[in-house]
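Being a predicted model, the structure only gives us computed values, none of them experimental. Naming convention: chains lettered A, B, ... in sequence-line order (proteins, then strands); numbering from 1 in each chain.
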Protein chains: 2
Amino acid sequence: MQRDAAISLDNQLCFAVYALSREITKRYQPYLKELGLTYTQYITMLALWEDDRVAVKQLGARLLLDSGTLTPLLKKLETMGHLTRSRDPSDERSVIIALTDQGKKLKEQARDVPGRMFCQAGVTLEEADALRKHIASMMTKVQPNGIEEELKNDDL
Amino acid sequence: MQRDAAISLDNQLCFAVYALSREITKRYQPYLKELGLTYTQYITMLALWEDDRVAVKQLGARLLLDSGTLTPLLKKLETMGHLTRSRDPSDERSVIIALTDQGKKLKEQARDVPGRMFCQAGVTLEEADALRKHIASMMTKVQPNGIEEELKNDDL
DNA sequence: GCATTTTAAATTGTATACAATTTAATTTAT
DNA sequence: ATAAATTAAATTGTATACAATTTAAAATGC
């Protein structure tokens, strides 16, 4: 069976990452439910709490999501009253996302979510941070800011 | 801004894992296209190449996916001729998944996919394996084989 | 200055994920 | 043995992801 080691499920980095990602998302769910947010909506709000009044394009570059995912998600968050979507007067192609007061206020409730989640999961913040750095290092290797056809995106 | 460090996007393990998972999936896509498989179909086939003739329940325990995801996916793989789905005669509740010859043969084509993918991404197998182990270690902490209501699942 | 190209969102279509419910079969308790 | 509880898939409904296309606006080339 040695010759199958390369395609053994447990040897796949891709499966480990994929499974952990879904597991963490599930672990967040009860806490995010208190905020009335799904996981992707939460990630989007994290980005907006740091950097408000950005175009969908920039938000997508930050989250590595395209308009196909973001447009319906942002419309939902708009309906929920957390943000507004408006065309940029200086470039009508762009849609600027701006947090409402309600959206800004939600940040206070979100502040202790990561800490509570890791505490409940029995993971120290140091362990989480060590893994995060390891993953970030891999990410820079795997994605030197996009390949060939995406090289035009200088993102920032 | 120190007080916002806990909810800074770049500090979130969850976002790092989520982003890397999607990035790796995208990197696999061109190789999996040669096999005619999507990423989740590929992961499912990896599990089946190791362990054939299993119930959907067992496959789900291995992949951490439920029947809501697996049922349509397995029906698709059945339509593609890679496997068969049949009720277990000794327990009509269970559906047994068995690879066809075609499904078994696909394994040969899949054998060099991980190696080619990491080579192209500029990641050594050692680096990938080190991260995989780090993630697996976190997974055992975060998911000691499911919580409370899932404790009844002894899986194997 | 205007046709061509590029760009940003939105849309379309396919494939997941997963909670919650339903259906049918099996097991358990009495 | 049979009602009640449990279990395995399937189904339903919602929310992503993302490739590919479309639409409208802005930038570019000549």
Side-chain angles (χ1 to χ4, degrees), chain A residues 18-30 32-33 36-44 54-61 63-80 85-97 146 149-150 152-155, chain B residues 18-30 32-33 36-44 54-61 63-80 85-97 146 149-150 152-155:
Chain A
Y18 165 74
L20 181 61
S21 180
R22 287 183 294 118
E23 183 63 26
I24 292 182
T25 301
K26 267 186 267 188
R27 290 296 188 131
Y28 264 104
Q29 222 220 332
L32 298 182
K33 202 168 186 175
L37 296 177
T38 64
Y39 179 73
T40 313
Q41 288 166 2
Y42 167 69
I43 290 296
T44 302
V54 292
V56 172
K57 183 75 180 177
Q58 291 167 273
L59 190 57
L63 299 172
L64 306 179
L65 292 171
D66 68 7
S67 66
T69 301
L70 285 176
T71 295
L73 187 146
L74 292 168
K75 282 181 177 175
K76 187 73 192 294
L77 288 172
E78 183 184 36
T79 301
M80 294 162 73
R85 298 162 60 251
S86 54
R87 292 280 164 181
D88 182 348
S90 73
D91 184 344
E92 292 280 342
R93 289 173 303 182
S94 293
V95 166
I96 304 296
I97 306 301
E149 77 278 68
E150 281 169 47
K152 19 184 172 170
N153 289 340
D154 14 33
D155 285 357
Chain B
Y18 165 74
L20 182 62
S21 179
R22 287 183 294 119
E23 183 63 26
I24 292 181
T25 302
K26 266 186 268 187
R27 290 296 189 131
Y28 264 104
Q29 222 219 333
L32 298 183
K33 202 169 187 176
L37 296 177
T38 64
Y39 180 74
T40 314
Q41 288 166 3
Y42 166 69
I43 290 294
T44 301
V54 292
V56 172
K57 183 75 180 176
Q58 292 167 271
L59 190 57
L63 300 172
L64 305 180
L65 291 171
D66 68 10
S67 67
T69 302
L70 285 177
T71 295
L73 187 145
L74 293 168
K75 281 182 177 174
K76 187 72 193 295
L77 288 171
E78 183 183 37
T79 302
M80 294 162 71
R85 298 161 60 250
S86 53
R87 292 279 165 184
D88 181 348
S90 73
D91 184 344
E92 293 279 342
R93 289 172 304 181
S94 293
V95 166
I96 305 296
I97 306 301
E149 77 277 66
E150 280 169 49
K152 19 187 171 169
N153 290 340
D154 14 35
D155 287 355

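At least one side-chain nitrogen or oxygen of Thr40(B) sits closer than 4.0 Å to the OP1 or OP2 atom of dA17(C). Between dA25(C) and Arg87(B), no contact under 4.0 Å exists linking OP1 or OP2 to a side-chain N or O. Phosphate proximity of dA17(C) to Tyr18(A): present, with a side-chain N or O under 4.0 Å from OP1 or OP2. Phosphate proximity of dA10(D) to Ser67(B): absent, as no side-chain N or O sits under 4.0 Å from OP1 or OP2. Within the 4.0 Å cut-off from OP1 or OP2 of dT16(D), at least one side-chain nitrogen or oxygen of Gln41(A) is found. Between Thr38(A) and dT14(D), a side-chain N or O to OP1/OP2 separation shorter than 4.0 Å is absent.
Rounded to the nearest 0.5 angstrom, Ile97(A) CD1 and Ser86(A) OG are separated by 7.5 Å. Atom-to-atom distance recorded for Ile43(B):CD1 and Tyr18(A):OH is 7.0 Å, nearest 0.5 angstrom. For the atom pair Leu37(A) CG and Tyr42(A) OH, the distance stands at 9.5 Å (nearest 0.5 Å). Remark: Glu78(A) CD to Arg85(A) CZ distance equals 5.0 Å, nearest 0.5 Å.
If you take CD of Glu23(B) and C1' of dA19(D), they are 15 Å apart, rounded to a whole angstrom. In this entry the distance linking CG of Asp91(A) with C1' of dA8(C) reads 8 Å, nearest Å. Across the protein-nucleic acid pair, Gln29(B) atom CD and dA15(C) atom C1' stand 11 Å apart, rounded to whole Å. If you take CG of Leu63(A) and P of dC18(D), they are 11 Å apart, rounded to a whole angstrom. Atom C1' of nucleotide dT7(C) and atom CD of Glu92(A) are separated by 14 Å, given to the nearest angstrom. A straight line from CZ of Arg27(A) to P of dC18(C) spans 13 Å, rounded to a whole angstrom.
Contacts with DNA chain D (heavy atom under 4.0 Å) in residues 68-76 of chain A: Gly68(A), Thr69(A), Leu73(A), Lys76(A), listed by number.
Closest to the Lys57(A) side chain, of the nucleotides dA24(C), dA17(D), dA9(C), is dA9(C).
In terms of heavy atoms, Lys76(B) sits closest to Gln41(B) at CG-NE2, 3.7 Å.
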Protein N or O to nucleotides 1-4 of chain D N or O, pairs below 3.5 Å:
none

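Between Tyr39(B) and Tyr28(B), the ring-plane angle classifies as tilted under the 30° and 60° cut-offs.
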For a quick test of your reading: what N or O donor-acceptor pairs under 3.5 Å do the side chains of residues 63-75 of chain B make, sequence neighbours left out?
residue  : atom : partner  : partner atom : Å
Asp66(B) : OD1  : Gly68(B) : N            : 3.0
Asp66(B) : OD1  : Thr69(B) : N            : 3.1
Thr71(B) : OG1  : Ser67(B) : O            : 3.0

